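What follows is a set of notes on a single structure, which appears directly below.
Quick caveat: nothing in here was measured; it's all calculated off a predicted structure.
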Amino acid sequence: IFGMVGGPLLGVFTLGMFFPWANSKGAFIGTITSLTLTFWIGFGYQVSKAYGQIVDIKMPTSIAGCGFNESYRAALETVTESMLEDPGEPLYIYRLSYLWYSAVGCLTVIIVGLLVSLITGKQDIRKVNPDCISPGLLIFQSYIPGLEELGVNYVEKRQNTKDNQGVTNAAFMPSEDIANGKYHISEKIDL
């Protein structure tokens, strides 16, 4: 189950860290699509296995020298007779190993998320906080077309707010400092 959930989770984080033009609609629809696909594959495998369409091959074992050979043969004949019915073939995707569920889920989120983001309107990369993007992508920012303006408006916005810094919360100041006038407070606070 972790592979079915972990893959889409990894995919949505990867989508956000490495693709700054992906928007929230793309991330949401990509995640839901990926979860649906991985759970469909995982539960489809379990159902196919329950109906006998997928049979796990067991390694040969020997009970030579054991006193239960006769009861083992009778049980083996009963199992063999019940397996004579042809349950049909499962979908080929149900044969996918559970080890691949995470990779399928991650790639599905990225592909569907990017396609939906392109269809619904890309995220304006000038407004994206560069600190939220992978440092590996920022190293190659000048080599990837379209990323030259990454975070331009965000940086300007952050620089404009520096003038407003220095406002102190009176609740965290000693009352003596307030009374002595060390801090300027615009409205009177009763302590």
Side-chain angles (χ1 to χ4, degrees), residues 1-51 53-56 87-169 171-172:
I1 294 215
F2 183 75
M4 292 186 273
V5 176
L9 186 63
L10 174 65
V12 76
F13 276 95
T14 304
L15 183 68
M17 288 176 54
F18 291 102
F19 301 97
W21 49 87
N23 62 21
S24 59
K25 293 176 187 173
F28 179 74
I29 293 173
T31 303
I32 296 300
T33 304
S34 180
L35 283 168
T36 304
L37 178 68
T38 55
F39 274 92
W40 175 56
I41 294 170
F43 287 123
Y45 169 79
Q46 295 297 328
V47 170
S48 295
K49 187 175 175 183
Y51 282 116
Q53 293 175 332
I54 297 176
V55 179
D56 292 332
E89 286 292 316
L91 288 176
Y92 189 74
I93 198 162
Y94 294 157
R95 296 180 185 268
L96 184 68
S97 172
Y98 71 94
L99 297 172
W100 285 98
Y101 291 174
S102 292
V104 168
C106 181
L107 289 175
T108 302
V109 170
I110 292 171
I111 292 169
V112 171
L114 287 175
L115 289 174
V116 170
S117 294
L118 290 174
I119 291 169
T120 60
K122 299 184 296 186
Q123 171 78 22
D124 185 9
I125 63 170
R126 294 175 293 187
K127 295 180 181 178
V128 174
N129 182 354
D131 294 335
C132 294
I133 303 298
S134 171
L137 184 67
L138 295 176
I139 291 171
F140 298 106
Q141 179 178 359
S142 59
Y143 302 110
I144 300 173
L147 287 184
E148 299 88 18
E149 297 181 349
L150 177 66
V152 171
N153 289 351
Y154 183 82
V155 173
E156 290 175 8
K157 179 180 174 184
R158 185 170 42 182
Q159 288 174 347
N160 290 340
T161 58
K162 281 188 176 182
D163 298 335
N164 298 331
Q165 290 180 352
V167 177
T168 307
N169 187 347
F172 297 107

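Smallest separation of non-hydrogen atoms from Ala27 and Val12: CB-CG2, 3.9 Å. Pairing each heavy atom of Ser117 with each of Trp21, the nearest pair is CB-O, 4.2 Å. Considering all non-hydrogen atoms of both residues, Pro20 and Leu147 come closest at CG-CD2, 3.6 Å. Of all heavy-atom pairs between Ser34 and Cys106, the closest is OG-N, 4.5 Å. Between Thr38 and Pro8 the shortest heavy-atom distance is OG1-CG, 4.1 Å.
Between Met4 and Leu35, the closest side-chain pair of non-hydrogen atoms is not below 4.5 Å. For the pair Val104 and Tyr101, the minimum side-chain heavy-atom distance is 4.5 Å or more.
Side-chain N or O atoms of Ser48 include none that pairs as donor or acceptor with a backbone N or O of Tyr45 at under 3.5 Å.
We find the CG-CG distance between Leu15 and Leu114 to be 5.5 Å, quoted to the nearest 0.5 Å. Annotation: the span from Leu107 atom CG to Trp100 atom CH2 amounts to 9.0 Å, rounded to 0.5 Å. Expressed to the nearest 0.5 Å, how far CG of Leu10 lies from CE of Met17 amounts to 9.5 Å. Atom OG of Ser134 is separated from atom CZ of Phe19 by 10.5 Å, given to the nearest 0.5 angstrom. One distance of note links CD1 of Ile111 with OG1 of Thr33; it measures 11.5 Å at 0.5 Å rounding. Distance check: Leu115 CG to Ile119 CD1 gives 6.0 Å after rounding to the nearest 0.5 Å.
Across Lys127, Lys122, Arg126, a single residue satisfies side chain to side chain donor-acceptor pair (under 3.5 Å) together with Asp124, and that is Arg126.
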Item to check | Val5 vs Phe39, side-chain contact (heavy atoms from CB on, under 4.5 Å): CA-CA, chis, key distance, verdict | outcome: CA-CA 8 Å; Val5 176; Phe39 274 92; 3.7 Å; yes
